[in-house]
Protein chains: 2
Amino acid sequence: MRDIDNIFEKIKRDGHRLTKIRKAMVVILFAEKCLLSASEIRARLSASGLAADRTTVYRELGFLLEKNIIKEIRIADRKTYYEIVSPEHHHHLVCTKCDSVQEIVMGNHLKRQEDRIYKKAKFKVLAHSLEFYGLCRKCK
Amino acid sequence: MRDIDNIFEKIKRDGHRLTKIRKAMVVILFAEKCLLSASEIRARLSASGLAADRTTVYRELGFLLEKNIIKEIRIADRKTYYEIVSPEHHHHLVCTKCDSVQEIVMGNHLKRQEDRIYKKAKFKVLAHSLEFYGLCRKCK
DNA sequence: TAATTATTGCAACATTGTTGCAATAACTAT
DNA sequence: ATAGTTATTGCAACAATGTTGCAATAATTA
Ligand SMILES: [Mn+2]
Ligand SMILES: [Mn+2]
Ligand SMILES: [Zn+2]
Ligand SMILES: [Zn+2]
């Protein structure tokens, strides 16, 4: 069973419909793996012969976010992006020169910080977002 | 000499004009210390009897960003915010229940990670953004 | 195949952000 | 204090993103 089929299963199991657009959006996000904006997703739907209204794309993104199938990432000075929730938690290296983005896995070093935050500020961390900005291999 | 006067000095020294709106925006951002959106800033200008056009506020935010007097922060699912660049680098604890935001200073533990990123991915980190989401003292 | 209703498209709207251009006001030099 | 220079501002017009209500459509179930 492929990963993506698990997603489809889950959607159906929860009593939701597996429509053409919904399925296509998951396929697109799954194939890209990383960072697609709402308008990029819409463009790819069109390209694959599935013209969807802007409203539908946003509503569907809302649905997939609620289902925890995708996550939202807001990069400084750029658009809002979406990506498939992957089993491996990762962060992003954003090149400020060529706009490329790579992923980076960092172990659980933030866990210690989050414990410290709880002790120090009594704030219970449930999630975090961490992006690095700088120059990629080619641009530096 | 107050901190804020240094900002005014710097603006003038660099050959820019210290207009009413520019000055008021710095005062507002300086007083708040943390996270104000463009429309909130505009509202506060109005409240202090200085009605400024939306265009002007955005142009001024652009100017202050370029001058490195303020920085931009994009919080997941929320607006774009601005805050005065403070001498002490810090991150934010965002409560997902009551929307409150507190600051947290975390030493230079990310420095080590950034060195590792350079070795591993040949990506030269110049900046980062890190926000924590969860439940504040009151909401947990 | 028919019935149910989740999903979709459309129109209309709200908010954020940008650009060109003419009017204004901050600063400089007299 | 005044006049001149031009950075800054306001306005109009626009573009992009995102949201809502409602009627039509299509995915699923029986
Ligand atoms: Mn990613
Ligand atoms: Mn802050
Ligand atoms: Zn690059
Ligand atoms: Zn709270």
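Quantities reported herein were computed from a predicted structural model and do not represent experimental measurements. Atoms considered below: every heavy atom in the structure, side chains included; atoms not considered: hydrogens, waters and symmetry mates. Each chain gets a letter, A, B and so on, in the order its sequence line appears, and its residues count up from 1.
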Identify whether NZ of Lys or CZ of Arg in A:Lys33 sits under 6.0 Å from the centre of the six-membered ring of A:Phe30 and within 45° of that ring's axis. yes
Is B:Lys23 positioned over the aromatic face of B:Phe8, cation under 6.0 angstrom from the ring centre and no more than 45 degrees off axis? yes
Is there a side-chain contact between [X] and [Y], using heavy atoms and a 4.5 Å cut-off?
X: A:Ile41; Y: A:Leu61; value: yes
X: A:Ile70; Y: A:Glu83; value: no
X: A:Leu135; Y: B:Leu126; value: yes
X: A:Glu103; Y: A:His91; value: no
X: A:Lys97; Y: A:Lys138; value: no

Sorted by number, the residues of residues 50-61 of chain B with heavy-atom contact under 4.0 Å to DNA chain D: B:Ala51, B:Ala52, B:Asp53, B:Thr55, B:Thr56, B:Arg59, B:Glu60
Name every residue in residues 19-41 of chain B that has at least one heavy atom under 4.0 Å from any atom of DNA chain D, in order of residue number, or write none if there are no such residues. B:Thr19, B:Ile21, B:Arg22
Grab the two heavy atoms, one from B:Glu72 and one from B:Leu65, that are nearest each other, plus how far apart they are. N-CD2, 3.7 Å
Round to the nearest Å and state the distance from [X] atom [atom1] to [N] atom [atom2].
X: B:Phe63; N: C:dA26; atom1: CZ; atom2: C1'; answer: 13 Å
X: A:Arg78; N: C:dT16; atom1: CZ; atom2: C1'; answer: 19 Å
X: A:Arg17; N: C:dA6; atom1: CZ; atom2: C1'; answer: 4 Å

Hey, which sits more toward the 5' end of DNA chain C by its nearest nucleotide, B:Arg74 or B:Leu18? B:Arg74
Quickly, which of A:Arg54, A:Arg22, A:Arg42 forms a salt bridge (Lys or Arg N to Asp or Glu O under 4.0 Å) with A:Glu60? Name it, please. A:Arg22
Nt span of DNA chain D in reach of chain A heavy atoms at under 4.0 Å, 5' end first, is D:dT17 to D:dT28
Between A:His128 and B:Glu131, do the side chains contain a donor N or O and an acceptor N or O under 3.5 Å apart? no
